[in-house]
Amino acid sequence: MRDSRPVISHIFISQQRGEPMTALKEAQIVTNWGLEGDRKARADSKRQVYLVDEGTLQSVDLRPGDLNENLTVRGLDVNQLQAGQRVQVGDALLEITGPCTVCGVLETVRPGLKEALRGRRGVLARVIAGGVARAGDELKVL
């Protein structure tokens with residue numbers, strides 16, 4: 001029988017604007033900050049961690065990291081998560097702050113992608129409690 005628990009399949013950070021995402025096997029997720037070393041991490045931001053699910057990526061022929069997400073999730077449509085819900089990722093606790101809205105940057109990835117991802121661009125979260133997260137860790141919706 002196949003395990004159907006949601007897991008973190010990929011972890012990424014971006015160290016410099018315009019550079020490809022760097023894939024990691026594990027990351028330190030810092031309270032009220034984001035992923036250590038990620039250029040988009042900011043104190044008090046509602047956009048500290050960006051999550052996308054593999055199903056959404058596959059539906060538009062993208063690979064993990066193509067949307068500049070921090071965490072790629074297998075086994076859960078993250079677009080169904082609501083603001084205020086909490087998820088545990090490895091040792092870290094995240095609180096969903098809302099959906100990641102589509103923007104014109106998507107058109108630089110591929111023309112038509114903005115419309116194709118409307119309402120399913122993934123979700124953003126803030127870090128309630130930091131810790132280590134590893135590729136393969138279960139993502140628990142609390």
Side-chain angles (χ1 to χ4, degrees), residues 1-110 113-142:
M1 184 166 123
R2 188 165 180 243
D3 189 355
S4 62
R5 295 177 301 167
V7 297
I8 301 304
S9 60
H10 297 83
I11 301 172
F12 299 98
I13 61 170
S14 171
Q15 295 176 320
Q16 292 185 18
R17 183 179 201 78
E19 294 291 319
M21 299 297 282
T22 302
L24 305 173
K25 292 190 183 302
E26 70 177 41
Q28 181 70 41
I29 301 178
V30 181
T31 303
N32 191 33
W33 184 256
L35 276 69
E36 188 173 83
D38 187 52
R39 72 174 181 83
K40 296 172 283 184
R42 298 276 183 279
D44 301 322
S45 172
K46 293 183 177 184
R47 306 175 61 92
Q48 294 173 346
V49 181
Y50 173 33
L51 298 87
V52 172
D53 63 87
E54 284 185 354
T56 296
L57 292 172
Q58 291 168 357
S59 75
V60 292
D61 280 335
L62 294 177
R63 296 178 315 267
D66 283 352
L67 292 180
N68 293 331
E69 72 272 14
N70 297 117
L71 303 176
T72 311
V73 178
R74 177 182 305 134
L76 174 71
D77 179 356
V78 299
N79 299 297
Q80 301 303 311
L81 296 172
Q82 301 296 311
Q85 278 189 286
R86 291 187 174 194
V87 295
Q88 183 176 345
V89 179
D91 299 328
L93 180 63
L94 309 178
E95 182 179 83
I96 304 303
T97 56
C100 185
T101 57
V102 294
C103 63
V105 172
L106 292 173
E107 296 300 300
T108 66
V109 176
R110 184 174 66 231
L113 194 56
K114 180 178 175 181
E115 192 56 39
L117 287 175
R118 191 167 304 283
R120 45 190 206 120
R121 170 88 196 271
V123 293
L124 301 166
R126 64 187 184 100
V127 184
I128 303 298
V132 175
R134 295 173 180 82
D137 279 352
E138 183 177 1
L139 181 143
K140 298 177 187 172
V141 180
L142 305 176

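Given the structure is predicted, the values throughout are model-derived calculations rather than measurements. As a basis for the values below, the full set of heavy atoms in this structure was taken, side chains included, without hydrogen atoms, waters or symmetry mates.
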message = For a side-chain contact (heavy atoms from CB on, under 4.5 Å) check, start with the C-alpha distance between R110 and V60, then their side-chain angles and the critical distance, and finish with the verdict.
response = CA-CA 10 Å; R110 184 174 66 231; V60 292; 3.6 Å; yes
Would you give the length of the straight line joining atom [atom1] of [X] to atom [atom2] of [Y], rounded to the nearest 0.5 angstrom?
{"X": "R118", "Y": "L113", "atom1": "CZ", "atom2": "CG", "value": "11.0 Å"}
{"X": "T22", "Y": "I13", "atom1": "OG1", "atom2": "CD1", "value": "5.5 Å"}
{"X": "D77", "Y": "R120", "atom1": "CG", "atom2": "CZ", "value": "9.0 Å"}
{"X": "L93", "Y": "I128", "atom1": "CG", "atom2": "CD1", "value": "6.0 Å"}
{"X": "Q85", "Y": "L94", "atom1": "CD", "atom2": "CG", "value": "12.5 Å"}
{"X": "L24", "Y": "E36", "atom1": "CG", "atom2": "CD", "value": "10.0 Å"}

Of the non-hydrogen atoms in [X] and [Y], which two are nearest, and what is the gap between them?
{"X": "V52", "Y": "G122", "answer": "CG2-CA, 4.3 Å"}
{"X": "A27", "Y": "L35", "answer": "CB-CD2, 3.9 Å"}
{"X": "A133", "Y": "I11", "answer": "O-CD1, 3.4 Å"}
{"X": "G34", "Y": "A41", "answer": "CA-CB, 4.1 Å"}
{"X": "N70", "Y": "V49", "answer": "OD1-CA, 3.6 Å"}
{"X": "G131", "Y": "A92", "answer": "N-CB, 3.9 Å"}

Under 3.5 Å, side chain of [X] to main-chain N/O of [Y], donor-acceptor pair present?
{"X": "R121", "Y": "T101", "result": "yes"}
{"X": "D53", "Y": "R74", "result": "no"}
{"X": "T72", "Y": "E54", "result": "no"}
{"X": "Q82", "Y": "Q80", "result": "yes"}
{"X": "N32", "Y": "D44", "result": "yes"}
{"X": "Q88", "Y": "G90", "result": "yes"}

key: Ion pair K114/E107, N-O distance below 4.0 Å   =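 Result for this pair is no, no salt bridge flagged.
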Note, [X] side chain near [Y] side chain (heavy atom, < 4.5 Å):
{"X": "D137", "Y": "E26", "answer": "no"}
{"X": "L139", "Y": "L71", "answer": "no"}
{"X": "Y50", "Y": "L124", "answer": "yes"}
{"X": "L117", "Y": "L67", "answer": "yes"}
{"X": "H10", "Y": "L57", "answer": "no"}
{"X": "I8", "Y": "V73", "answer": "yes"}
{"X": "K40", "Y": "R47", "answer": "no"}
{"X": "C100", "Y": "E69", "answer": "no"}

query = Does the pair L81 and L51 meet the rule for a side-chain contact (heavy atoms from CB on, under 4.5 Å), with working shown?
reply = CA-CA 10 Å; L81 296 172; L51 298 87; 5.5 Å; no
task = Verify the neighbour count for atom CZ of R63: are there more than 12 heavy atoms of other residues, nucleotides or ligands below 6.0 Å?
result =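 No, not enclosed.
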message = Quick check on R134: does its CZ atom have over 12 non-hydrogen neighbours (other residues, nucleotides or ligands) under 6.0 Å away?
response =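 Enclosed: over 12 neighbouring heavy atoms sit under 6.0 Å from CZ of R134.
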query = N68 and S14: side-chain donor and acceptor closer than 3.5 Å?
reply = no
query = Could you walk me through whether E95 and R86 pass the side-chain contact (heavy atoms from CB on, under 4.5 Å) check?
reply = CA-CA 4 Å; E95 182 179 83; R86 291 187 174 194; 3.3 Å; yes
message = Is there a side-chain hydrogen bond (donor to acceptor under 3.5 Å, both in side chains) between Q48 and D38? Walk through the geometry before answering.
response = CA-CA 9 Å; Q48 294 173 346; D38 187 52; over 6 Å; no
